[in-house]
Visitor: 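Okay, here's the structure, questions in a sec.
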Amino acid sequence: MQIVRTIGWVLLLFSLLAFSFFNWKPVEVQIWSNLVLETKLPALVVVSFLLGLVPMWLVHRASKWRATRRINALETATNRLATPAPGPAAAAAPASAAAATPAPPSPDLPPEPANPVEPEPSKPA
């Protein structure tokens, strides 16, 4: 996948260089009635490309970071529910007795739902 991305960037750079070579002309951009910016056409194209790319790239990175944090939090919560901490009685019992009989579920943990992705709605009391 990295090679495809590299080829894409090389093609983009090559096309930008070819465009710059054939269009190296000064242009005037009127920002306000009394403010005129004179620049070369390739510089104007690159700046406008970056003005469109950078904000969307930042939004993408922020959403990816937020999704990664949420996935890690959900995995941590699932692991905590799947492996309950051993209580004082389980630590004192011999290892053979603990292996023969499973420990009863802790009373402070709710029962696991049938579908952990979409839990059943809680019933009114």
Side-chain angles (χ1 to χ4, degrees):
M1 192 64 183
Q2 183 72 22
I3 189 73
V4 174
R5 187 177 354 181
T6 304
I7 291 172
W9 281 111
V10 167
L11 287 175
L12 182 68
L13 181 65
F14 178 74
S15 62
L16 180 65
L17 287 174
F19 175 81
S20 299
F21 180 74
F22 290 112
N23 292 300
W24 195 257
K25 301 173 186 163
V27 292
E28 290 183 357
V29 179
Q30 184 174 0
I31 299 175
W32 286 288
S33 61
N34 60 353
L35 184 60
V36 176
L37 175 69
E38 186 174 334
T39 184
K40 300 292 184 186
L41 185 62
L44 186 64
V45 169
V46 169
V47 167
S48 27
F49 175 76
L50 290 177
L51 281 175
L53 178 74
V54 170
M56 290 297 105
W57 179 75
L58 290 174
V59 167
H60 166 70
R61 295 295 296 176
S63 64
K64 187 176 176 182
W65 174 74
R66 190 171 47 236
T68 304
R69 285 189 63 218
R70 185 175 174 119
I71 289 170
N72 288 341
L74 289 171
E75 285 177 350
T76 303
T78 303
N79 289 340
R80 281 191 197 147
L81 287 176
T83 56
S96 62
T101 59
S106 179
D108 58 336
L109 292 177
E112 290 190 26
N115 184 359
V117 176
E118 296 176 10
E120 298 173 3
S122 60
K123 297 176 183 168

Visitor: For the residue pair I3 and I7, establish whether any side-chain heavy-atom pair is separated by less than 4.5 Å.
Guide: yes
Visitor: Write down the atom of E28, the atom of V36, and the distance for their closest heavy-atom approach.
Guide: CB-CG1, 4.0 Å
Visitor: By side chain to side chain contact (heavy atoms under 4.5 Å, CB included), which residues pair with R5, not counting sequence neighbours?
Guide: Q2, W9
Visitor: Check whether any side-chain N or O of T83 sits under 3.5 Å from a backbone N or O of R80 as a donor-acceptor pair, and report yes or no.
Guide: no
Visitor: Nearest 0.5 Å, please: how far is CG in L44 from OG1 in T39?
Guide: 6.5 Å
Visitor: Could you report the tightest heavy-atom contact between N23 and L41, atom names first, then the distance?
Guide: O-CB, 3.6 Å
Visitor: Is L50 linked to L16 within one hydrophobic cluster, defined over Ile, Leu, Val, Met, Phe, Trp and Tyr using a side-chain heavy-atom separation of less than 4.5 Å?
Guide: yes
Visitor: Which heavy atom of P42 sits nearest to which heavy atom of W24, and what is that distance?
Guide: CG-CE3, 3.6 Å
Visitor: Transitively linked via ILVMFWY side-chain contacts under 4.5 Å: L17 with L12?
Guide: no
Visitor: Could you list the donor-acceptor pairs under 3.5 angstrom formed by side chains in residues 51-68, with sequence neighbours left out?
Guide:
{"unit_1": "S63", "atom_1": "OG", "unit_2": "V59", "atom_2": "O", "d": "3.3"}
{"unit_1": "S63", "atom_1": "OG", "unit_2": "H60", "atom_2": "O", "d": "3.0"}
{"unit_1": "T68", "atom_1": "OG1", "unit_2": "K64", "atom_2": "O", "d": "2.8"}

Visitor: With hydrophobic residues grouped by side-chain heavy-atom distances under 4.5 Å, do F19 and V29 end up in a single group?
Guide: yes
